[in-house]
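Would you mind keeping the following structure in view while I ask a few things?
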Amino acid sequence: QVQLAESGGGLVQAGGSLRLSCAASGLTFSSSTMGWFRQAPGKEREFVAANSWNPGNTVYAESVKGRFTISRDNAKNTVYLQMNSLKPEDTAVYYCAARRGPSTRRSGNEYDNWGQGTQVTVSS
C-alpha cells in the first residue's frame, strides 16, 4: 500500500518559517513526482509545488515562488516544503501527493495518492 504521512504543521506568526515533511512508502520514490497542495476553509484545493527526479523538474505556484522551496531526499523517501516569509493567506491544510512518472503536474487530478494533511496557521 502507498502511504504518505505529512508532518511539521503548526501555528506561526506572519513572517515566520515552517518546514513540512512527507514520508512516503509503498512506491518507487525516485520514479514518482511529489507534489504539495493546500486547501483553506471554504476554498478550492490549490497547487503549491511539485518535484520530479530523473529527469528532474521543479515547479511552483506564483503565489509562493521565492518564498517556498520543495526538495526531496530519495534515500529517506521524504519530500519537504520549506516555507519562509509566511503570510496569513498561507493558512490552510497542506497535503502531500504522489503520481507515477517524472513529469510534474499542477492539477490535483493528475496525482494518484494523497496524505491526510497537516494544518498550517499563520497569524497576523
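Basis for what follows: all heavy atoms, side chains included, without hydrogens, waters or symmetry-related copies.
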* Any side-chain heavy atom of Asn109 within less than 4.5 Å of one from Arg45? ->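 Of all side-chain heavy-atom pairs linking Arg45 with Asn109, at least one is under 4.5 Å.
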
* **Greater than 12 external heavy atoms within 6.0 Å of Gln82's CD** =>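 It does: Gln82 CD has more than 12 such atoms within range.
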
* **Gly35 to Tyr111 - nearest heavy-atom pair and separation** =>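 The answer is N-CE2, 3.9 Å.
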
* For the residue pair Ser52 and Asn57, confirm or rule out a side-chain donor-acceptor distance under 3.5 Å. =>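 There is no such pair between these side chains.
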
* To do: Would you give the length of the straight line joining atom CZ of Arg72 to atom OG of Ser30, rounded to the nearest 0.5 angstrom?
  =>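 Those atoms lie 7.5 Å apart.
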
* **Polar side chain donor-acceptor pair, Asn84 to Arg67, under 3.5 angstrom** =>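 Per modelled atom types, Asn84 and Arg67 side chains form no pair under 3.5 Å.
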
* Could you state the interatomic distance from OG1 (Thr121) to CG (Asp90), rounded to the nearest 0.5 Å? ->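 Result: 11.0 Å between the selected atoms.
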
* Asked: Which heavy-atom pair separates Gly115 from Tyr95 by the least distance, and what is that distance?
  ->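 In this case the closest contact between Gly115 and Tyr95 is O-CD2, 3.6 Å.
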
* **Spatial distance of atom CZ (Arg19) from atom OG (Ser7) [nearest 0.5 Å]** =>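 Separation between the atoms: 8.5 Å.
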
* Asn51 versus Thr58, side-chain donor and acceptor atoms under 3.5 Å ->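 Yes - a donor-acceptor pair under 3.5 Å links their side chains.
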
* Asked: Is Trp53 atom CH2 crowded by more than 12 heavy atoms from other residues, nucleotides or ligands, each under 6.0 Å away?
  ->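 Open: at most 12 neighbouring heavy atoms sit under 6.0 Å from CH2 of Trp53.
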
* Apart from Met83 itself, what residues make up its hydrophobic cluster, given side-chain heavy atom links below 4.5 Å? ->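 Members alongside Met83: Val2, Leu4, Val12, Leu18, Leu20, Leu27, Phe29, Met34, Trp36, Val48, Tyr60, Val64, Phe68, Ile70, Val79, Leu81, Leu86, Tyr94, Val120, Val122.
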
* To do: First locate atom CD of Gln13, then atom OG of Ser124, and finally report the distance between them rounded to the nearest 0.5 Å.
  =>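 With rounding to 0.5 Å, CD (Gln13) is 9.0 Å from OG (Ser124).
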
* To do: Looking only at non-hydrogen atoms, find the nearest pair between Gly117 and Val93 and report the distance.
  =>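 In this case the closest contact between Gly117 and Val93 is CA-CG1, 3.8 Å.
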
* Asked: salt bridge (charged side-chain N to carboxylate O under 4.0 Å, His left out) with Arg38: which of Glu44, Glu6, Glu46?
  ->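 For Arg38, the salt bridge (charged side-chain N to carboxylate O under 4.0 Å, His left out) test succeeds with only one of Glu44, Glu6, Glu46, which is Glu46.
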
* To the nearest 0.5 angstrom, please state how far the CZ atom of Phe37 sits from the OG atom of Ser107. =>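 The CZ atom of Phe37 sits 7.0 Å away from the OG atom of Ser107.
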
* **Gln119 to Ala92 - nearest heavy-atom pair and separation** =>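 Scanning both residues, the minimum pair turns out to be NE2-O, 3.4 Å.
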
* Can you find a heavy atom in the side chain of Lys87 that is under 4.5 Å from one in the side chain of Ser85? ->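 No. Closest side-chain heavy atoms not under 4.5 Å.
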
* OG of Ser32 to CG of Asp112: how many Å apart, nearest 0.5 Å? ->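 Rounded to the nearest 0.5 Å, the OG-CG separation comes to 8.5 Å.
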
* Under 3.5 Å, is there a donor-acceptor pair between the side chain of Thr78 and the main chain of Asp73? ->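 Side chain of Thr78 to backbone of Asp73, a donor-acceptor pair under 3.5 Å: no, none is there.
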
